[in-house]
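Structure, as structure tokens:
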Amino acid sequence: MNLTTDARSFAPLKERVRAAGLLTPCRGYYAAKFAANTVLLAGSWAVFALVGDSWWQLACAALLAFAYGQTGLLGHDVGHAQVTHDRRTMEILGLLHGNLALGFSYGWWMSHHTRHHNHPNHLDLDPDILRRVVAFSPRQAEGVSRPRAFVIRHQARLFFPLLCLESLGLRIGSVIAIRRGVVRRPRRELALLAVHAIAYGVVVLTTLSPLPAVLFVVVHQGLFGVYLGCVFAPNHKGMPVHDGKEPDWLARQVLTSRNILSSRLHDFFYGGLNHQIEHHLFPTMPRPHLRRCRPLVREYCAEIGLPYHEVGAARSYREVLAYLAEVTRAVARPAPAPRRSRRRAARPTAR
């Protein structure tokens, strides 16, 4: 079977999944999930208010980072039409979870994430690769600035510390996208971002003294970025990258994705993205169905001889770091010396 050209290879799998009822909505699950997440987020801010001006707020910052991460994962489900197929409802829920609750642009994320799903791990087309300071191939290290060159030389060691900046990067990307008119409703999105930023600043600065306030923001936003990074990094980092013609949909999604061997606790922590292969093949599939979809996908991949990569959580991070270290070594490796011609240069004739 020619996996690079046979676009029909996905149809039999899709039919099996549809027959199993795994593409049907899960309204009851998401109603309970929204209610629980609202309690988690509101409850975390209530704890913040009760603790007051105290160094214990650093523990509260960790709790809020987890609540923000869970809110972001629920917003991710909204954006993929897993919650509802009604565009207006999707947009309202997305703006509430992205712009208002978390402070980054839902419209920008939708554009960004859609392109990622269409071209996973493509060095020139996947925005999740293009916006990183680390390099996923030696080619990406060519002609870079000195600060980025330093990061690339140490990227395996710096990978997790850099995740602390992910929250800041999301906000910067949001503002740039809105200024460039990338989003459909820039004024509305910008207004909601401003409401979030003002409300966040007022609550923190009126509750905490200056130094605890600064440390609270650093810990909260830093851990929020680490949580997001720990959820998203194993999905594709360290899997094959390419810059040429892409294979068909099935091969493209499976070969560039990594699953994590999972329990129900993993499903909760990763928001279902531990079943990354299934999610990329069926992005509108509701989160609870991904676990049930997994054996169908594994079986079909085995039938057609398509590699299905699945490892434990700890090993997934080791694979990511090992891959980054290998890219660094390839960048540092000196270019081979040009071969000398076997012909000896003609000696000048004595006069």
- prompt: Could you go step by step and tell me if Glu91 and Arg88 meet the salt bridge (Lys or Arg N to Asp or Glu O under 4.0 Å) rule?
  reply: CA-CA 5 Å; Glu91 184 177 23; Arg88 180 169 177 78; 5.6 Å; no
message: Before you tell me yes or no, could you show the steps for Gln276 and His236 under side-chain hydrogen bond (donor to acceptor under 3.5 Å, both in side chains), namely the whole-Å CA-CA distance, both residues' side-chain angles and the distance that decides it to 0.1 Å?
response: CA-CA 9 Å; Gln276 186 66 198; His236 305 281; 3.1 Å; yes
task: Apply the test side chain to side chain contact (heavy atoms under 4.5 Å, CB included) to residues Ser167 and Phe104: give CA-CA distance (whole Å), side-chain angles for both, the deciding distance (0.1 Å), then the verdict.
output: CA-CA 9 Å; Ser167 174; Phe104 61 84; over 6 Å; no
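Clustering ILVMFWY residues whenever any of their side-chain heavy atoms sit less than 4.5 angstrom apart, transitively, puts Trp249 in the very cluster that holds Ile277. Both Trp45 and Leu192 are assigned to one and the same hydrophobic cluster, defined by single-linkage of ILVMFWY side chains at heavy-atom distances under 4.5 Å. No continuous path of ILVMFWY side-chain contacts below 4.5 Å connects Val47 to Leu41, so the two sit in separate hydrophobic clusters. Note on Val231: it clusters hydrophobically with Leu64, by side-chain heavy-atom contacts below 4.5 Å among ILVMFWY residues. Under the 4.5 Å side-chain heavy-atom criterion for grouping Ile, Leu, Val, Met, Phe, Trp and Tyr, Phe232 is connected to Phe66 within one hydrophobic cluster.
Looking only at distances, no side-chain donor or acceptor of Asn259 sits under 3.5 Å from a matching main-chain atom of Glu310. With hydrogens and angles ignored, the 3.5 Å screen pairs no side-chain donor or acceptor of Tyr30 with any backbone N or O of Leu74. For Arg18 (side chain) and Leu23 (main-chain N/O), no donor-acceptor pair under 3.5 Å exists by modelled atom type. With Ser174 contributing its side chain and Ser105 its backbone, the two residues share a donor-acceptor pair below 3.5 Å. With hydrogens and angles disregarded, no donor-acceptor distance shorter than 3.5 Å links the side chain of Asp77 to the backbone of Val83. The backbone N or O of Leu324 lies less than 3.5 Å from a partner atom in the side chain of Thr328, making a donor-acceptor pair. A donor-acceptor pair under 3.5 Å is formed between the side chain of Arg291 and the backbone N or O of Ser262. A distance-only check finds no donor-acceptor pair linking the side chain of His220 to the backbone of Phe216 [under 3.5 Å]. In terms of modelled atom types and a separation under 3.5 Å, the side chain of His266 and the main chain of Ser263 share a donor-acceptor contact. Looking at Arg258, its side chain does come within 3.5 Å of a backbone N or O of Pro234 through a donor-acceptor pair.
Cys293 is listed as a side-chain neighbour of Met285, based on a closest heavy-atom distance under 4.5 Å. Residues Met90 and Tyr106 form a side-chain contact, since some pair of their non-hydrogen atoms from C-beta on lies under 4.5 Å apart. By the 4.5 Å heavy-atom criterion applied to side chains, Leu211 and Trp55 are counted as neighbours. Looking at heavy atoms from C-beta onward, Pro307 lies in side-chain contact with Leu255 at the 4.5 angstrom threshold. Under the 4.5 Å side-chain criterion, counting only non-hydrogen atoms from C-beta, Val219 is not in contact with Gln57. Between Tyr270 and His275, every side-chain heavy-atom pair lies at or beyond the 4.5 Å cut-off. At least one side-chain heavy atom of Ile129 sits less than 4.5 Å from a side-chain heavy atom of Gln140. Counting heavy atoms from C-beta on, the side chains of Leu158 and Phe150 come closer than 4.5 Å.
Using a cutoff of 4.0 Å between basic side-chain nitrogens and carboxylate oxygens, Arg139 and Asp124 are scored as salt-bridged. Residues Arg315 and Glu319 are paired through a salt bridge, judged by an N-O separation under 4.0 Å between the basic side chain and the carboxylate.
The six-membered or imidazole ring of Tyr300 lies away from that of Tyr308, with a centre-to-centre distance of 6.0 Å or more. Annotation: His97 is in aromatic contact with Phe34 [ring centroid separation under 6.0 Å]. The aromatic ring centroids of His117 and His279 lie less than 6.0 Å from each other.
Legend: ring-ring contact (aromatic ring centres under 6.0 Å, His included) pairs involving residues 120-145, not counting sequence neighbours, sorted by first then second residue: His122-His242. Counting only residues at least two apart or on different chains, the side chain to side chain donor-acceptor pair (under 3.5 Å) pairs with a member in residues 202-216 are Asp53-Ser209.
Note that the NE2 atom of His80 and the CE atom of Met110 stand 8.0 Å from one another [nearest 0.5 Å]. Taken from CZ in Arg132 to CZ in Phe159, the straight-line distance is 7.5 Å, to the nearest 0.5 Å. With values rounded to the nearest 0.5 angstrom, Asp126 atom CG is found 5.0 Å from Asp128 atom CG. Atom NZ of Lys33 and atom CG of Leu40 lie 9.0 Å apart (nearest 0.5 Å). Within the model, atoms CG of Asn99 and CD of Glu189 stand 4.5 Å from one another, a figure rounded to the nearest 0.5 Å. Annotation: the span from His113 atom NE2 to Asn118 atom CG amounts to 10.5 Å, rounded to 0.5 Å.
Heavy-atom minimum distance, Gly312 versus Ile260: C-CG2, 4.2 Å. Across every non-hydrogen atom of Ala135 and Val327, the tightest pair is O-CG1, 3.6 Å. For the residue pair Ala156 and Leu321, the shortest heavy atom distance occurs at O-CD2, 3.4 Å. Shown here for Ala233 and Val320, the closest heavy-atom pair between the two residues is O-CG2, 3.9 Å. When all heavy atoms of Ile178 and Pro186 are compared, the closest pair comes out as CG2-O, 3.7 Å.
In this model, no donor atom of one side chain and acceptor atom of the other lie less than 3.5 Å apart for Tyr227 and Glu166. Side-chain contact annotation: Asn37 with Thr71, donor-acceptor N/O pair under 3.5 Å present.
Using cut-offs of 30° and 60° on the angle between ring planes, the pair His196 and Tyr200 is parallel. Ring pair Trp108/His112 is tilted by interplanar angle, where 30° to 60° counts as tilted. Relative orientation of the His116 and His280 rings is perpendicular, given thresholds of 30° and 60° on the angle between their planes.
Remark: Arg157 engages no residue in a salt bridge (Lys or Arg N to Asp or Glu O under 4.0 Å) (not counting sequence neighbours).
Environment of CZ in Arg185: crowded, with over 12 heavy atoms of neighbouring residues, nucleotides or ligands closer than 6.0 Å. By the neighbour-count criterion of 12 heavy atoms within 6.0 Å, atom CZ of Arg131 is densely surrounded, having more than that number from other residues, nucleotides or ligands.
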